[in-house]
Protein chains: 4
Amino acid sequence: MTTAPAREPAQRKGRPRDERIDTEITSAALEELSEGGFERFTVEAVAARAGVAKTTVYRRFPTREDLVLGALLRLNDDLPAPPPPGPVRERLIAVLQAVRSRATNSSRGRLLMQSVGEGLHSPELAEMVHARVLAPRRQVLRDVIADGIASGELRSDLDPDALIPVLVGPMFYLGAWKCVASAPKVSVEAIVDTVLVGLLPLRP
Amino acid sequence: MTTAPAREPAQRKGRPRDERIDTEITSAALEELSEGGFERFTVEAVAARAGVAKTTVYRRFPTREDLVLGALLRLNDDLPAPPPPGPVRERLIAVLQAVRSRATNSSRGRLLMQSVGEGLHSPELAEMVHARVLAPRRQVLRDVIADGIASGELRSDLDPDALIPVLVGPMFYLGAWKCVASAPKVSVEAIVDTVLVGLLPLRP
Amino acid sequence: MTTAPAREPAQRKGRPRDERIDTEITSAALEELSEGGFERFTVEAVAARAGVAKTTVYRRFPTREDLVLGALLRLNDDLPAPPPPGPVRERLIAVLQAVRSRATNSSRGRLLMQSVGEGLHSPELAEMVHARVLAPRRQVLRDVIADGIASGELRSDLDPDALIPVLVGPMFYLGAWKCVASAPKVSVEAIVDTVLVGLLPLRP
Amino acid sequence: MTTAPAREPAQRKGRPRDERIDTEITSAALEELSEGGFERFTVEAVAARAGVAKTTVYRRFPTREDLVLGALLRLNDDLPAPPPPGPVRERLIAVLQAVRSRATNSSRGRLLMQSVGEGLHSPELAEMVHARVLAPRRQVLRDVIADGIASGELRSDLDPDALIPVLVGPMFYLGAWKCVASAPKVSVEAIVDTVLVGLLPLRP
DNA sequence: GAATAACCGAGACGGTACGTCTAGTCTTGTG
DNA sequence: CACAAGACTAGACGTACCGTCTCGGTTATTC
């Protein structure tokens with residue numbers, strides 16, 4: 001199963017594929033996914049939205065799942081920019097604020113979160129999302145942490161791999177509370193400060 | 001426990017509904033959801049598995065969504081037991097280990113995680129899951145935190161509402177890494193210790 | 001299978017059936033049949049129209065077919081009156097005109113015709129319709145023929161059994177042409193005159 | 001001047017319909033109708049019998065009624081042959097005997113009769129049956145009558161439109177008596193002779 | 001004056017078919 | 001070859017009736 005159209009060897013034979021159609025299809029698929037979620041996602045709707053025959057979609061993405069993968073790759077189109085230099089606390093807040101804001105407000109952010117959940121029933125999807133979509137985003141945070149350790153603002157014995165879940169996990173958790181009335185409101189600052197200081201009583 | 005429409009007022013008119021069928025339907029639905037996820041979830045399969053006519057399902061759950069809600073309520077059938085007394089660190093690890101283990105291993109745990117993602121496109125689902133399924137589980141953690149504060153093991157100025165995302169969020173994040181080869185392996189102990197101590201350098 | 005509720009032996013025990021309900025059910029059934037034909041005929045609609053529970057219908061008419069039979073019997077409520085005395089030609093025209101007019105205009109007449117067709121797939125229905133509904137109507141025509149033979153207006157060697165199909169059959173045939181644009185218009189008088197005179201050239 | 005006619009092959013766009021499937025569907029539908037009548041007629045059974053998906057049926061016949069019409073057209077597959085030359089009485093008997101025999105014995109004949117009755121509640125069905133199915137059959141009889149008039153065997157002032165109901169109507173009437181025990185048995189010969197001679201006493 | 005037995009309204013229940021929709025494959029014709 | 005268009009199989013969707021059943025409550029006759 002190819003998750004994206006790959007035809008390296010120069011030019012085969014016959015009529016070449018229209019590359020604009022590739023992007024039109026994945027764009028349409030991404031919009032459909034963002035609007036209706038995985039359940040309402042329909043190959044026919046994608047083809048219609050892209051103004052393309054169903055065959056043309058299936059030629060590139062043999063199955064619905066492949067089309068989903070192809071669409072999700074387009075989430076990398078707008079990667080967040082790294083935060084400006086400054087105190088590590090502010091930089092962490094900026095990064096996580098962006099994560100949280102996207103997850104709460106933009107349909108693409110919600111889609112990304114939903115993809116993580118969906119991946120639990122589709123290892124292939126999970127692998128792809130984590131390796132191709134989430135990894136680049138993690139790197140931004142990893143850099144901020146490394147900078148903080150280098151500047152002495154953070155403990156030097158920290159393991160970034162253990163730290164990323166601690167920082168990003170709460171954002172996912174809060175994102176899932178979107179528009180849930182019964183959920184308490186917690187600010188990103190409160191989270192970051194809690195993590196920075198730790199839970200143990202301060203030693204005098 | 002009846003997951004579907006309660007009809008308190010004595011006995012209305014007509015033949016009363018067979019309550020055993022209620023549970024058989026929701027059980028079947030829960031199993032179907034656990035095994036195949038939301039996408040492959042089919043009312044007909046639920047009816048067949050419950051040994052019941054399709055109409056009997058639709059009488060209780062007018063739409064597929066309603067049936068999903070009814071099934072997810074059954075997740076409360078096996079709430080985790082509170083951890084035994086002991087040092088707060090060990091109790092936290094025990095609670096979170098259970099969350100992580102369930103999320104990783106049991107099909108119901110995966111289903112619960114997926115429901116959170118699915119809720120992003122269905123406010124009704126989100127509200128229900130958070131209020132009826134997640135709330136009771138949060139309470140266990142909240143109690144452990146309260147005990148820790150009372151015993152002086154934790155800082156007394158902690159806000160549990162800010163703390164719960166910090167502790168539970170990472171579990172969700174790790175749970176989503178299940179069977180993702182490219183994901184780093186992080187132990188629950190490492191997470192808890194990181195959170196307990198905090199990120200700032202220790203003041204001498 | 002009882003085609004009508006018959007409980008002769010005085011009064012058994014328990015609450016007696018409400019006889020008004022019998023007629024309300026058959027009336028409702030007859031109207032439903034007249035309006036929608038056999039295909040759209042629904043026990044539930046009959047019960048609703050009669051303002052009665054489905055059980056109450058099924059107690060009297062164990063099956064849909066029985067209900068149809070019970071309803072068709074009500075067609076005998078308005079039997080045509082015998083024609084006034086006069087020349088046999090005018091009397092025949094009057095009788096057949098009534099048959100044709102009913103079959104063309106009234107919904108009950110159409111229903112009766114349709115019942116004949118339906119009887120081809122349901123011997124029980126056919127037997128009932130012919131013995132209970134059509135027989136009384138045939139008798140009117142039979143009397144007119146007998147009077148005509150007695151008065152010398154008709155040939156004395158006529159077999160009424162062969163004659164009735166010759167006279168009534170065309171009415172059915174014409175009735176079936178109702179609102180069929182491509183069908184030629186033929187008057188009842190023309191039919192009767194054709195039959196009276198015969199097809200052979202007049203012998204000098 | 002009319003617009004230029006488009007080329008007939010015109011092979012529109014997309015994959016053309018498999019014409020064999022058309023006939024398989026209508027054949028299956030005709031058999032189902034013949035066996036079970038209109039009431040038991042089921043689109044699903046037709047699809048199953050034709051070995052075809054339900055959607056394939058609905059693509060051609062958007063509704064059950066349309067499928068019925070399509071099936072009834074197939075009744076024209078076996079039109080009766082005109083009778084051999086001979087005396088007009090024998091030719092009439094032959095034609096009508098065939099009508100009666102078919103109506104009594106063959107399932108298709110019964111179906112045709114039932115369609116006439118059904119047409120009373122469906123103008124479209126009535127129009128189709130009369131124009132496309134019955135018209136060709138009437139023509140055979142009309143020819144025999146015309147031959148009889150030409151040869152002087154029949155009165156020259158006969159109106160075939162008035163005559164056809166007189167001859168065919170009784171066949172329908174007798175056909176409806178099939179397997180009705182209480183119905184008198186009348187032969188086709190008796191009918192024809194009665195019509196030929198007429199009802200009035202012979203003038204000396 | 002109960003006790004009994006059948007009636008009646010209401011609706012649950014297992015089925016079957018409806019007509020619609022989508023997935024994924026295939027078969028045309030055209031560029 | 002690519003592409004548009006649409007036929008095709010397969011199967012789930014949610015609805016409507018069928019005929020059966022189980023309730024609560026209502027009459028009449030019988031003991």
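A note on names: the letters A, B, ... follow the listed sequences, proteins ahead of strands, and every chain is numbered from 1.
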For [X] and [N], what is the distance between atoms [atom1] and [atom2] respectively, to the nearest whole Å?
{"X": "A:Arg59", "N": "F:dA2", "atom1": "CZ", "atom2": "C1'", "answer": "5 Å"}
{"X": "D:Asp18", "N": "E:dT25", "atom1": "CG", "atom2": "C1'", "answer": "15 Å"}
{"X": "D:Lys13", "N": "F:dC3", "atom1": "NZ", "atom2": "P", "answer": "15 Å"}
{"X": "D:Leu67", "N": "E:dA17", "atom1": "CG", "atom2": "P", "answer": "15 Å"}
{"X": "C:Asp66", "N": "F:dG19", "atom1": "CG", "atom2": "C1'", "answer": "12 Å"}
{"X": "D:Ile21", "N": "F:dG6", "atom1": "CD1", "atom2": "P", "answer": "18 Å"}
{"X": "D:Glu39", "N": "F:dC17", "atom1": "CD", "atom2": "C1'", "answer": "13 Å"}
{"X": "D:Arg20", "N": "F:dT9", "atom1": "CZ", "atom2": "P", "answer": "11 Å"}

Between the protein and nucleotides 20-22 of chain F, are there any N/O to N/O pairs under 3.5 Å, and if so, what are the atom names and distances?
residue : atom : partner : partner atom : Å
F:dC21  : O2   : B:Arg15 : NH1          : 2.9

Excluding sequence neighbours, so at least two apart, what forms side-chain contact (heavy atoms from CB on, under 4.5 Å) with [X]?
{"X": "B:Phe41", "value": "B:Ala29, B:Glu32, B:Leu33, B:Val46, B:Arg64, B:Leu67, B:Val68"}
{"X": "D:Leu69", "value": "D:Glu124, D:Leu125, D:Met128"}
{"X": "A:Ala48", "value": "none"}
{"X": "D:Thr42", "value": "D:Glu44, D:Ala45"}

Can a salt bridge be assigned to the pair D:Arg108 and D:Glu31 using a cut-off of 4.0 Å between side-chain N and carboxylate O? no
Electrostatic pair A:Asp22:A:Arg60 at N-O distance under 4.0 angstrom: yes
Using the side-chain heavy atoms of [X], tell me which of these nucleotides is nearest: [options].
{"X": "A:Ala53", "options": "E:dC8, F:dA4, E:dC18", "answer": "F:dA4"}
{"X": "C:Val52", "options": "F:dG19, E:dC7, E:dG9", "answer": "E:dG9"}
{"X": "B:Glu44", "options": "F:dA12, E:dC7, E:dG19", "answer": "F:dA12"}
{"X": "D:Thr42", "options": "F:dC13, E:dC13, E:dC18", "answer": "E:dC18"}

Is a side-chain donor-acceptor pair under 3.5 Å present for A:Arg74 with A:Thr26? yes
Under 4.0 angstrom, heavy atoms only, what part of the nucleic acid is [X] near: base, sugar-phosphate, or nothing?
{"X": "D:Phe61", "value": "nothing"}
{"X": "C:Arg64", "value": "sugar-phosphate"}
{"X": "D:Arg60", "value": "sugar-phosphate"}

Applying side-chain hydrogen bond (donor to acceptor under 3.5 Å, both in side chains), can you list everything that pairs with B:Gln114, at least two apart in sequence or on another chain? A:Glu118, A:His121
Contact under 4.0 Å: B:Thr56 side-chain N or O vs E:dA12 OP1/OP2: no
Does E:dA6 have OP1 or OP2 sitting under 4.0 Å from an N or O in the side chain of C:Arg17? no
Judged by nearest nucleotide, the residue sitting upstream toward the 5' end of DNA chain F, B:Val43 or C:Ala45, is B:Val43
